[in-house]
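Letters go in sequence order (proteins before strands), and every chain restarts at 1.
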Amino acid sequence: MDVARGKVVETNSQQLTAAQQEAVAHQDGPMLILAGPGSGKTRVVTHRIANLLQIGVPAHQIAALTFTNKAAQEMGNRLATIAPGQDVWMGTFHRFCARLLRRYASMVGLAENYSIYDTSDSKQAMKRAIAAAEVSTSHTSADQIAAVISRAKNRLVSPEMMQGQSLRHNEAVAARVYPVYQKQLLLSNAVDFDDLLFHVANLLRENPELRSELDSRYRYIMVDEYQDTNLAQYAIVRSLSVDYPNLAVTGDPDQSIYGWRGADINNILDFEKDYPHVKTVRLEKNYRSAPNILRIADQLIKHNTRRKDKQLLTDREEGAPVVLRMYEDGYREADDIADQITAAIQNEGCRPQDFAVFCRMNALTRSVEHAFRSRGLPYQIVNGVEFYQRKEIKDLLAYFHLVNNPAHDVALQRVINVPTRGIGAKSIERLRDFADGNGLTLLDAARNSDQIEALPTRSATKIRQFVEMFDRLSLKATGSLEELLLHLLEQTDYRAFLRKSSVDEQDNSPLANVDELLTAAVEFDRQFPEDGSLEAFLEQVALVSDTDAFDEENDRVTLMTMHAAKGLEFPRVFIIGVEDDLLPHYRSKEDPMQVEEERRLLFVGITRAEERLQLSCCKRRALRGDLRPVVGSPFLMELPREEMRFIEPEDSNQFFDSGDEFGDESFSVDGDAPEIWDQSNDSATTNEIDEVCQLPPDELPAKKAAKKPALIPAGLKTAANLLNEQSNDDKIPLNDFRNGMIVHHEEYGAGKVTAVSGRGPKRTATIEFSSGAARSFRLAFAKLTLGEQ
DNA sequence: GATGTTCCATTTTTT
DNA sequence: ATGGAACATC
């Protein structure tokens, strides 16, 4: 795994505060560390581990459970600096369970080479289960059923327990699908994400000897982000802390943001009830943020009812006021933020990595990305799973999965006709029927394809050929990943298939992705030369999370969701789209508890900022295709306006330095400005837009049309588009770089392209200059123009 | 059976 | 806007 250095320089334990020292010194018995944002929680936990080691606790008796690999890594790195060479187990809950489950797979009816289905795999499996269960999905959907089942598993509800309960419609449907789905998973020797926890929790509950063995094996357990644990996770740590109740959990109820995934905030709120003799430590001193940022955060979170009241204290100096800014639309918002960052880098000596832009949902990163790219501002989008969700990567990995676990039906269905080899939907359906009818896996059914009466000989032959190809491939399973992948690519002629099926000729990114996967395989081979690396590789791939993609060594502006931002910190933070229906999201507005969670999400975002913070919202936002009027988030009303600096769009001729005037009066000066803080639906702008939108295009009043970008049909150029195009004018489109092309670089002069790889912002070209030097450039940022031939 | 077309919903957040 | 699924055509 990559080694990322922590930003915080470790100091010795003398410099811990009294509260921190108290937590560090705690040895036996349960402990609850209520740690506010930026309170040095990771530092406390690592020092405590070091302390335990020092007093003679063997490293293998300690386990630290986190929610992301990133957090585990960070902890590991820090521990390495204060207690080097100690083999303390650190990792995510899911990885911990995956590991236990490998060992005790047979006890839950799995084989040790079981596969972990990712979300799309389990969705496929779900569809098949729904069909097999013969239920109607007329008033529900596969997604809804999946959600109900997921929730059930998180709450340790088994298929049997779900029967016979009085349920709502989609729950009743789910209750019928659930047992079928579980049976199919077992037959496929597979688990979904929830099963990792579910199986382990059941294992511990049903096998007292095993439970006590593991309890004594893991005598000291630490859980990070305890506020985000669900019932299954709760049950797991609880049953590992009976004989040796040395469970130390850290968390902050105010940062509980995974309720939608089954996390139960009561786990942390009731911890003291669960463990009567618990030692509770509150870390309330904040080392991260300027006081004005903390006051804003504090004011906001005070509006929640389900919480433990907590102070946020800091010694830091007062900083610049928090900015609350309104823009005309998302494009202006993105452009302005890009400009602000560019200016700060030029004039204030900031570096790209000092900045982060947070949003409620991934879709909002698009416009920001565009603005950054057009300015040559280096950035990283933190969504680690993206690469592994690309078609070509999923295809190849599906072959890997099938080699590792031939029962993996989802993988087989994915690849049996990829590349196309004449096995169509009908054949697959017959194969599936045969498998279902005889309780076989799809591969076993395929091995007996000549016995399937419904199958034409022609199809049976094709299927047999596929099985033969697969068997040849399987022979490579014990070799290196590189060897396996190369063999696979050759046997299936996959690259040719990609070239043939790619829609536009220019786009060779699928091929570049294949190369990137190859690189990853080689790298994994290098790191884990032992046997069995295929399984380990697939497990690692299955359990990567978005946050894991964050690279703090990289000098780039970071773009991510607030969920992904938890646990991180940046000197300057922008939070975009602080708008009603987005934050809080409209789906969460019915339930006051969910609204509180949304408020906590904003709290998490705000408290990531060290020095400066800007919250912004727009008058209009392009979402789901078209530009719609929006209003500011009700949360903005909860902030102490007198402490903030409010900035309106320039072209409405309004500029308010600070908050006193920020209310009604500000807006009434200009009749055109919408009352963004007013949630009522009858705001002037809303009506105006609606009204105009109903007119046929040629009847649009010219004046209004000119003023409202909202009314410009997609495809026409907006001012923002034009601007961006201009600045890109002389640059070569990314995908136009070809080997042998002659280019010109500002600094190095003329050169020839010798290699191109990567895609999107990572697209890179190697160029040999006339001086003889060769250099690689990220094309999105390099200053390259077309050279003379 | 393969390929192309249209239509549809779908998007909150993620291990 | 995008991608998947259903439908139509070769």
Side-chain angles (χ1 to χ4, degrees), chain A residues 65-72 91-98 116-120 122-124 127 141-144 147 150 153-154 191-198 225 228-230 232-233 256-263 358-367 382-386 388-391 417-429 456 458-459 462 497 500-501 503 539-549 560-566 577 579 581-589 594 597-598 600-602 604-605 622-627 714-715:
Chain A
L65 299 172
T66 61
F67 272 76
T68 64
N69 298 302
K70 193 92 217 157
T92 63
F93 256 106
H94 286 82
R95 214 176 272 285
F96 181 76
C97 291
I116 301 169
Y117 278 3
D118 68 18
T119 314
S120 76
S122 56
K123 200 175 156 191
Q124 289 305 119
K127 282 183 186 160
S141 66
D143 283 330
Q144 279 189 52
S150 172
K153 286 181 180 176
N154 287 158
V191 300
D192 62 22
F193 285 134
D194 303 315
D195 279 339
L196 286 170
L197 307 172
F198 184 68
E225 310 283 12
D228 287 327
T229 50
N230 58 34
Q233 289 162 325
S256 166
I257 54 176
Y258 285 100
W260 51 273
R261 209 171 75 189
F358 300 154
C359 54
R360 176 68 235 267
M361 52 184 190
N362 283 121
L364 296 190
T365 59
R366 298 268 165 215
S367 54
V382 180
N383 50 356
V385 297
E386 198 201 15
Y388 293 103
Q389 283 171 352
R390 307 199 77 84
K391 268 189 288 296
N417 199 33
V418 175
T420 46
R421 44 176 80 90
I423 305 171
K426 210 78 201 167
S427 299
I428 295 174
E429 194 188 315
R458 205 183 145 76
S459 305
K462 299 247 169 76
F497 165 72
K500 197 158 56 94
S501 57
V503 186
E539 181 174 308
Q540 193 183 92
V541 167
L543 297 180
V544 295
S545 70
D546 278 351
T547 325
D548 299 335
M560 62 179 147
T561 64
M562 279 177 272
H563 282 91
K566 194 164 64 157
E579 288 147 21
D581 284 345
L582 206 51
L583 183 70
H585 193 269
Y586 73 99
R587 294 283 294 269
S588 65
K589 283 168 82 174
Q594 284 188 48
E597 179 158 313
E598 298 280 308
R600 290 192 292 266
L601 190 57
L602 182 56
V604 167
L623 214 55
R624 231 174 57 220
D626 49 9
L627 210 48

Worksheet item: How many Å lie between CG on Asp143(A) and C1' on dG3(C), as a whole number?
Response: 14 Å

Discussion item. Just checking Trp260(A) against His585(A), ring centres under 6.0 Å apart?
Written reply: no

Response to the item:
Nearest-nucleotide check on DNA chain B, His94(A) vs Lys426(A); residue mapping nearer the 5' end is Lys426(A)

Worksheet item: Contact class for Ser459(A) vs. all strands (heavy atom < 4.0 Å): base, sugar-phosphate, or nothing?
Response: sugar-phosphate

Worksheet entry | Rounded interatomic separation in angstrom, taking OH from Tyr258(A) and P from dT13(B) | 11 Å

Practice prompt. Would you name the heavy atoms of Glu598(A) and Leu582(A) that are closest together and state the gap between them?
Written response: OE1-O, 4.1 Å

Worksheet item: Using a cut-off of 4.0 Å on non-hydrogen atoms, how would the nucleic acid contact of Asn417(A) be classed: base, sugar-phosphate, or nothing?
Response: sugar-phosphate

Discussion item. How many whole angstroms separate atom NZ of Lys589(A) from atom P of dT13(B)?
Written reply: 18 Å

Worksheet item: Can you check the Arg421(A) CZ to dT3(B) P distance for me, whole Å?
Response: 13 Å

Worksheet entry | For the student: nearest non-hydrogen atoms of Gly577(A) and Leu364(A), plus distance | CA-CD1, 4.4 Å

Response to the item:
Looking only at heavy atoms, the pair that brings Gly262(A) and Asn154(A) closest together is CA-OD1, 4.1 Å

Discussion item. Check this for me: Arg366(A), atom CZ, are more than 12 non-hydrogen atoms of other residues, nucleotides or ligands nearer than 6.0 Å?
Written reply: no

Practice prompt. Rounded to the nearest angstrom, tell me the gap between atom CD1 in Ile257(A) and atom P in dT15(B).
Written response: 11 Å

Worksheet entry | Phosphate OP1/OP2 of dA5(C): any Lys127(A) side-chain N/O under 4.0 Å | yes

Worksheet item: Closest to the Lys391(A) side chain: dA2(B), dG4(C), dT13(B)?
Response: dG4(C)

Discussion item. Looking at every heavy atom in both Ala622(A) and Leu627(A), which two are closest together, and how far apart are they?
Written reply: N-CD1, 3.1 Å

Practice prompt. Nearest-nucleotide wise, let me know which of Thr561(A) and Ser427(A) is further upstream toward the 5' end of DNA chain B.
Written response: Ser427(A)

Item to complete: Report yes if at least one side-chain N or O of Ser588(A) is closer than 4.0 Å to OP1 or OP2 of dT13(B); otherwise report no.
Response: no

Discussion item. Please report whether the ring centroid of His94(A) lies less than 6.0 Å from that of Phe67(A).
Written reply: no

Practice prompt. In plain terms, say whether Lys153(A) and Asp192(A) are close enough for a salt bridge, that is, a side-chain N and a carboxylate O under 4.0 Å apart.
Written response: yes

Practice prompt. For DNA chain B, produce a single dot-bracket line, 5' to 3'. Pairs: Watson-Crick or G-U wobble, both distances under 3.5 Å. Symbols: ( ) within strand, [ ] crossing, | other strand, . unpaired.
Written response: ||||||||||.....

Worksheet item: Between dT14(B), dT11(B), dG4(C), which nucleotide gets closest to the side-chain atoms of Ala363(A)?
Response: dT11(B)

Worksheet entry | Atom pair distance, as rounded to whole Å: CG in Asn154(A) and P in dT13(B) | 18 Å

Worksheet item: In whole angstroms, how far is the P atom of dT15(B) from the CG atom of Leu197(A)?
Response: 13 Å

Worksheet item: Is Asn230(A) near enough to dT15(B) that one of its side-chain N or O atoms lies under 4.0 angstrom from OP1 or OP2?
Response: no

Discussion item. Of the listed nucleotides (dT13(B), dA5(C), dT14(B)), which one gets closest to any side-chain atom of Met361(A)?
Written reply: dT13(B)

Worksheet item: For dT14(B), does OP1 or OP2 lie under 4.0 Å from any side-chain N or O of Asn362(A)?
Response: yes

Worksheet item: Rounding to the closest angstrom, what is the interatomic distance between dT13(B) and dG4(C) at atom C1'?
Response: 22 Å

Practice prompt. Starting at atom CG of Asp581(A), determine the distance to atom P of dT13(B), rounded to an integer number of angstrom.
Written response: 15 Å

Item to complete: Ignoring backbone atoms, test whether Thr119(A) places a side-chain nitrogen or oxygen under 4.0 Å from the OP1 or OP2 oxygen of dT14(B).
Response: no

